[in-house]
Amino acid sequence: MKAMIFAAGRGERMRPLTDTIPKPLLKVRGRPLIVWHIVNLVRAGITEIVINHAHLGHMIEEALGDGSKYGATIRYSPESVALETAGGIANARHLLGEEPFVAIAGDVYCPHFDFEQVKNTLEDNDLWGQPYPLDKRDVAWLYLVKNPAHHPEGDFGLHSFSVSNEREPGHTYTYSGIGVYRPSMFDAITPGQPEKLVTLMREYAARGQLGGEVYRGAWTDVGTIERLDQLNAPL
């Protein structure tokens, strides 16, 4: 399995820090956010990693290199203009292959996430070994988290590992920024065309083809300087 890490965002809410450094290179506990992901991916045996970048992307390449110092192989997908998440995947499709891959937001902090669990989430066959019809099988598997204080309304509903657009009290969660996707999900997007991943997610959720589960480990969306400072505060 391959991995893609999203690192093309401008990080407007993190300015002025992100005026001089890409958001994924901001450090938490002495380690850049993106490196936490790389280390955890390699620990799970996922060593082929694609990283897209736009704003100050050369700094990401200079900091991470070819990935060999982490035991990984890193390939880059530069964007002259940030293409959003789904657009970034479509632009990097030639680097990702034809098998399901895991994609991770470069600006979330989840130091204990075990990427071993992502390898067998999208099944092609049922329990008896019979292939699922193409219009019935999940095209993606999302990891959801309990709604944080800054996003109390959540993103999706979850019932018996099926992700829905209906957000009912007690069954609503926030997308963690980590998911497993079938490459065919992005066939309709023209490389170089901006497109948000959540748009595709909602389309497939409406069709009943979006699976998921709740991740209950430590997780923070490092979307503001205040949250970054909280993570780096003395224990």
Side-chain angles (χ1 to χ4, degrees), residues 1 3-7 9 11 13-14 23-24 26-29 31-41 43-44 46 84-86 88-89 100-122 138-181 185 196-206 209-233 235:
M1 173 177 274
M4 180 167 180
I5 304 177
F6 299 120
R13 292 179 298 167
M14 301 294 286
K23 188 176 179 182
L26 294 173
K27 292 184 178 181
V28 173
R29 302 293 176 193
R31 176 183 285 172
L33 283 165
I34 198 168
V35 174
W36 283 101
H37 294 325
I38 293 171
V39 169
N40 285 338
L41 285 165
R43 183 179 292 124
I46 301 173
E84 301 287 355
T85 41
I89 290 173
F101 61 91
V102 60
I104 311 136
D107 57 357
V108 298
Y109 175 67
C110 47
H112 308 301
F113 192 93
D114 181 6
F115 284 98
E116 190 70 41
Q117 66 188 302
V118 309
K119 295 179 179 179
N120 299 302
T121 55
L122 294 179
D138 288 334
V139 299
W141 188 270
L142 308 186
Y143 290 90
L144 308 174
V145 295
K146 181 180 177 181
N147 298 330
H150 64 270
H151 191 53
E153 69 276 15
D155 297 313
F156 295 101
L158 182 67
H159 298 272
S160 301
F161 302 104
S162 181
V163 176
S164 72
N165 293 317
E166 286 69 44
R167 289 178 281 186
E168 302 173 8
H171 296 279
T172 301
Y173 299 90
T174 293
Y175 173 51
S176 71
I178 302 173
V180 181
Y181 305 94
M185 186 176 174
K196 292 183 178 181
L197 187 52
V198 68
T199 303
L200 286 178
M201 289 178 184
R202 296 209 178 280
E203 289 178 7
Y204 282 103
Q209 289 183 269
L210 201 61
E213 63 186 275
V214 178
Y215 173 66
R216 301 189 184 279
W219 176 90
T220 302
D221 171 10
V222 190
T224 65
I225 293 176
E226 289 73 22
R227 283 179 228 153
L228 180 65
D229 289 343
Q230 288 171 3
L231 289 172
N232 285 320
L235 295 175

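Treat the numbers as computed from the prediction; the structure is a model and nothing was measured.
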Exam field: side chain Asp107 to backbone Asp221, donor-acceptor pair closer than 3.5 Å: no
For the student: nearest non-hydrogen atoms of Val145 and Tyr215, plus distance: CG1-O, 3.7 Å
Check the surroundings of atom NZ in Lys196: do more than 12 heavy atoms from other residues, nucleotides or ligands lie under 6.0 Å from it? no
Shortest non-hydrogen separation from Leu200 to Ala86 and the atoms involved: CD1-CB, 4.0 Å
Just so I know, are the side chains of Ile89 and Phe101 near enough to count as touching, which here means a heavy-atom distance under 4.5 Å? yes
Are the side chains of Val108 and Thr220 in touch, meaning some heavy atoms are under 4.5 Å apart? no
What one should report as the nearest heavy-atom pair of Ala218 and His112 is CB-CD2, 4.3 Å
Would a distance-only check, ignoring hydrogens and angles, find a side-chain to backbone donor-acceptor pair under 3.5 Å from Lys23 to Leu33? no
Please report the closest heavy-atom contact between Met1 and Lys119, naming both atoms and the distance. CE-CA, 4.0 Å
Check whether any side-chain heavy atom of Leu41 sits under 4.5 Å from a side-chain heavy atom of Val102, and report yes or no. yes
How far apart are the closest heavy atoms of Arg13 and Arg227, and which atoms are they? NH1-NH2, 4.3 Å
Can you find a heavy atom in the side chain of Trp219 that is under 4.5 Å from one in the side chain of Lys146? no
Apply salt bridge (Lys or Arg N to Asp or Glu O under 4.0 Å) to Arg202 and list each qualifying residue two or more places apart in sequence or on a separate chain. none
Do any N or O atoms from the side chain of Thr172 and from the backbone of Gly154 form a donor-acceptor pair under 3.5 angstrom? no
If you define the side chain from C-beta out and look only at heavy atoms, does anything of Arg31 sit under 4.5 Å from Val39? yes
Taking distance alone, no hydrogens or angles, what donor-acceptor pairs closer than 3.5 Å link side-chain atoms of residues 173-180 to residues at least two apart or in another chain?
{"residue": "Thr174", "atom": "OG1", "partner": "Asn147", "partner atom": "OD1", "Å": "2.8"}
{"residue": "Tyr175", "atom": "OH", "partner": "Tyr181", "partner atom": "OH", "Å": "2.7"}
{"residue": "Ser176", "atom": "OG", "partner": "Tyr143", "partner atom": "O", "Å": "2.6"}
{"residue": "Ser176", "atom": "OG", "partner": "Ile178", "partner atom": "N", "Å": "3.1"}

Flag side-chain contact, heavy atom, 4.5 Å: Ile38 against Ile5: yes
Crowding at CG, Asn120 (>12 non-hydrogen neighbours, <6.0 Å): no
How about His37 and Cys110: do any of their side-chain heavy atoms sit closer than 4.5 Å? yes
Nearest non-hydrogen partners of Ile46 and Ala3, listed with the distance: CG2-CB, 3.9 Å
